[in-house]
Amino acid sequence: HNGGNSPNGTRDILHLVREGVNNQAFGNKATFALGRYENVGVDSRSRLDIKLTDLKLPQYLAYIPNPTRMRLNSARLDVDAKLIHRNRPGNSPRLALTGNVAVSDIDLTDSNGKSYLRLPLFSIDLADANLLAGEIHLAAVKLKEPQFEVVRNKEGAILPMAFLAPETAESGAPKSDTESSSGKPL
């Protein structure tokens, strides 16, 4: 909608909701809101608000090939961002991105369910990034209570790093850390 010279806010233009299958409710929702809030001659500014709430990433990662032996057991994505396009005569167009991207309840496990990374919150606050110029500015990066476990197994492989390499027919999978306790220092 046209706001003239003053910001007029945005209006929701699209809601994407994923319904569950087999009587499961996923609760994933994406909302997109659009507004044109400055329009003076050929000088204009439009804004797209992007909001993703509680997007459960493991359900979507199942569609992407994973050559490693690590699994994202849980993680939720939340996005509250604004994408602003500005066009001013005599200046190059500008596409700015601001807002917050947060991943919470991260649990990275091996194929046996052994957890190697737990992170209650990883959050990035974006300052005024100019995407068309390839500039991204971070206002803040937050990590809350990270837990990371590194173990050397009997064969000398350091876990979980050894799980990140694609499994080959010759190498086979590294032994899990439950078979460690070799007493070797890392």
Side-chain angles (χ1 to χ4, degrees), residues 1-66 68 70-109 115 117-148:
H1 65 289
N2 240 342
N5 293 336
S6 59
N8 216 2
T10 58
R11 289 189 185 156
D12 291 349
I13 58 168
L14 179 65
H15 294 282
L16 300 175
V17 180
R18 180 175 182 209
E19 294 183 19
V21 293
N22 298 328
N23 297 321
Q24 292 180 335
F26 293 115
N28 294 329
K29 179 180 178 184
T31 300
F32 299 90
L34 182 64
R36 183 172 184 173
Y37 63 97
E38 184 179 306
N39 187 17
V40 181
V42 291
D43 188 5
S44 64
R45 185 170 20 183
S46 299
R47 184 174 92 192
L48 176 66
D49 292 351
I50 304 166
K51 295 181 192 241
L52 300 173
T53 305
D54 198 29
L55 187 73
K56 292 165 184 71
L57 294 177
Q59 296 165 356
Y60 295 95
L61 293 179
Y63 299 103
I64 300 172
N66 179 3
T68 72
M70 296 301 292
R71 302 289 177 259
L72 190 60
N73 190 43
S74 69
R76 293 184 336 209
L77 174 67
D78 291 291
V79 176
D80 187 0
K82 293 175 182 20
L83 190 62
I84 300 170
H85 179 264
R86 178 94 192 235
N87 193 22
R88 293 180 298 202
N91 292 325
S92 58
R94 178 176 171 81
L95 186 61
L97 179 65
T98 61
N100 177 268
V101 177
V103 182
S104 59
D105 298 327
I106 299 168
D107 184 21
L108 187 65
T109 65
S115 183
L117 174 66
R118 288 183 183 266
L119 189 58
L121 178 67
F122 174 66
S123 175
I124 297 174
D125 291 336
L126 297 167
D128 189 17
N130 184 356
L131 300 180
L132 295 177
E135 299 171 359
I136 296 179
H137 303 282
L138 304 179
V141 176
K142 301 171 192 164
L143 289 172
K144 182 180 179 185
E145 302 171 8
Q147 297 175 13
F148 187 73

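Below, all heavy atoms of this structure are taken into account, side chains as well, without hydrogens, waters or symmetry copies.
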Asks: Can you name the residues that form a side-chain hydrogen bond (donor to acceptor under 3.5 Å, both in side chains) with Ser123, not counting sequence neighbours?
Replies: Asn100

Asks: In chain order, what residues pass the side-chain contact (heavy atoms from CB on, under 4.5 Å) check against Leu132, with sequence neighbours excluded?
Replies: Pro93, Leu95, Asn130

Asks: Determine the minimum heavy-atom distance between Asp128 and Thr98, stating which atoms define it.
Replies: CA-CG2, 3.7 Å

Asks: According to side-chain contact (heavy atoms from CB on, under 4.5 Å), who are the partners of Leu143, at least two apart in sequence or on a separate chain?
Replies: Leu119, Phe122

Asks: Work out which heavy atom in Ile136 is nearest to a heavy atom in Ala129; give both atom names and the distance.
Replies: CA-CB, 3.8 Å

Asks: Who pairs with Arg76 by salt bridge (Lys or Arg N to Asp or Glu O under 4.0 Å), at least two apart in sequence or on another chain?
Replies: Asp54, Asp105

Asks: Start with the C-alpha gap between Asp80 and Asp49, add the side-chain angles, then the distance that decides, and say whether side-chain contact (heavy atoms from CB on, under 4.5 Å) holds.
Replies: CA-CA 7 Å; Asp80 187 0; Asp49 292 351; over 6 Å; no

Asks: My understanding is that only residues two or more places apart in sequence, or in another chain, count here; which of them pass salt bridge (Lys or Arg N to Asp or Glu O under 4.0 Å) with Asp78?
Replies: none

Asks: Between atom CG of Leu57 and atom CD1 of Ile106, what is the distance when rounded to the nearest 0.5 Å?
Replies: 8.5 Å

Asks: Starting at OG1 of Thr109, measure out to CG of Asn73 and round the result to the nearest 0.5 Å.
Replies: 4.5 Å

Asks: Rounded to the nearest 0.5 Å, what separation is found between the CZ atom of Arg118 and the CD atom of Gln147?
Replies: 7.0 Å

Asks: Test of understanding: with side-chain contact (heavy atoms from CB on, under 4.5 Å), list the residues that count as partners of Val101, not counting sequence neighbours.
Replies: Leu77, Val79

Asks: Does anything in residues 129-148 pair up under salt bridge (charged side-chain N to carboxylate O under 4.0 Å, His left out), and if so which pairs, sequence neighbours excluded?
Replies: Asp125-Lys142

Asks: Please report the shortest heavy-atom distance between Ser74 and Pro58, naming the atom on each side.
Replies: CA-CG, 3.7 Å

